[in-house]
There are 2 protein chains.
Amino acid sequence: MTQPHHAKSLDLVFAALADPTRRAILEMLLEDDMAVTDVAEPFEMSLAAVSKHLTLLMRAGLIAQEKRGRVKWCKLEPDAMRAASIWMQGFGQFEALDLDGLERFLEAELNETDDTHPT
Amino acid sequence: MTQPHHAKSLDLVFAALADPTRRAILEMLLEDDMAVTDVAEPFEMSLAAVSKHLTLLMRAGLIAQEKRGRVKWCKLEPDAMRAASIWMQGFGQFEALDLDGLERFLEAELNETDDTHPT
DNA sequence: CCTTTGGTCAACCATTTGGTTGAATATAGT
DNA sequence: ACTATATTCAACCAAATGGTTGACCAAAGG
């Protein structure tokens, strides 16, 4: 296998990001570290389902989990996005860090994920 | 469906990017527009399989296809990556446009995709 | 008209994904 | 020791992926 670490990791990262629930989780973790149960709370699905999503995010390296007591804390690991982000920037010269667009976009995402985790 | 254009499109774009064959195709199209058959040539899989990949890339908006004569030309549509790229930049402040990293990375990607389309 | 070329479609197959439920495990609280 | 909480595991299911093959349609070229 010539596959040098990179490709597989891109696969995992992009695949992980391809699900709205998982993206919503990442956005939640952007604000604070959270326990699994708290991560799951806003979603209309079983805890086990969310646990699986977290496993995928782990394997993609996008989060880290640390067990303290009986609680497992989830923490964003944003560096895992670097490679993917850099890869994308090879296409189109969308100027990096369009803060304005970013803001509009994140807001839209947050509204829209009401679908996924209505509260 | 409250889902406002954005989420679905992020789903499709990220999912499309999660496959090494599809990423390789996009990299090829970065250099030039190509006919379907020519896109398929380097890969060790059937034309039909590549055709399916192209369909996914189309639905994600990452490429456009135009039929001229009996040949269908594929053209990169890099704007479709914008939203996804911007979304990712909301995490980690990896400075946008790390050209050095980009260069190393694309090179690695190109080597490694020899797995996928050995020539 | 016949044949080749370009490309998709349809049916099929194995694997993965996203979800469920119910049981299992581990730690905390009383 | 018992109970409640936090989390995963296991078995299952439906749907989507990534691939195959063979038939099919459309456009050139002789």
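Residue numbers begin at 1 in each chain, while the letters A, B, ... track the order of the sequences.
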Less than 4.5 Å apart, side chain to side chain, heavy atoms only: is that true for [X] and [Y]?
| X | Y | value |
| --- | --- | --- |
| Leu17(B) | Leu26(B) | yes |
| His53(B) | Phe43(B) | no |
| Asp33(B) | Cys74(B) | no |
| Leu62(A) | Glu77(A) | no |
| Arg23(B) | Trp87(A) | yes |
| Lys75(A) | Ile63(A) | no |
| Leu10(A) | Pro20(B) | no |
| Thr21(A) | Met45(A) | yes |

Practice problem: Supply the atom-to-atom distance Met34(B) CE to Lys72(B) NZ, rounded to the nearest 0.5 angstrom. | Solution: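 One gets 16.0 Å once the value is rounded to the nearest 0.5 Å.
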May I have the distance from [X] (atom [atom1]) to [N] (atom [atom2]), rounded to whole angstrom?
| X | N | atom1 | atom2 | answer |
| --- | --- | --- | --- | --- |
| Arg68(A) | dA28(C) | CZ | P | 12 Å |
| Leu47(A) | dT25(C) | CG | P | 18 Å |
| Arg70(B) | dT8(C) | CZ | C1' | 15 Å |
| Leu17(A) | dT17(C) | CG | C1' | 16 Å |

- Message: For chain B and DNA chain D, what are the first and last nucleotides along the strand, 5' to 3', with at least one atom under 4.0 angstrom from a heavy atom of the protein chain?
- Response: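 First and last nucleotides in contact are dG18(D) to dA28(D).
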Margin query: Assuming nearest nucleotide by heavy-atom distance, tell me which of Ser46(B) and Arg59(B) is located more 5' along DNA chain D.
Written below: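 Between the two, 5'-proximity favours Arg59(B).
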To check you understand the geometry: which heavy-atom pair defines the closest contact between Ala60(A) and Ala16(A), and what is its length?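 Heavy atoms only, the tightest pair is CB-CB, 3.9 Å.
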| query | How large an angle, rounded to 10°, do the end axes of the helix from dC1(C)-dG30(D) to dT30(C)-dA1(D) enclose when each is built from five base pairs? | reply |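 Roughly 10° between the end axes, to the nearest 10°.
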If the cut-off is 4.0 Å, is Lys67(B) near the phosphate of dG7(C), judged by side-chain N/O to OP1 or OP2?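 The answer is no; no side-chain N or O of Lys67(B) sits under 4.0 Å from OP1 or OP2.
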- [ ] Name the nucleic acid region contacted by Ala15(B), choosing base, sugar-phosphate or nothing; use a 4.0 angstrom heavy-atom cut-off, strictly under.
- [x]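 Nothing, no nucleic acid heavy atom in range.
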| query | Which part of the nucleic acid does Arg22(B) contact within heavy-atom distance under 4.0 Å: base, sugar-phosphate only, or nothing? | reply |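 The residue Arg22(B) makes sugar-phosphate contact but no base contact.
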Residues within residues 49-58 of chain B bordering DNA chain D, heavy-atom distance below 4.0 Å: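 Contacting residues: Ala49(B), Lys52(B), His53(B), Leu56(B).
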Q.
Exactly one of Leu76(A), Leu54(A), Leu30(A) should register a side-chain contact (heavy atoms from CB on, under 4.5 Å) with Ile25(A). Which one does?
A.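 The residue from Leu76(A), Leu54(A), Leu30(A) that satisfies side-chain contact (heavy atoms from CB on, under 4.5 Å) with Ile25(A) turns out to be Leu54(A).
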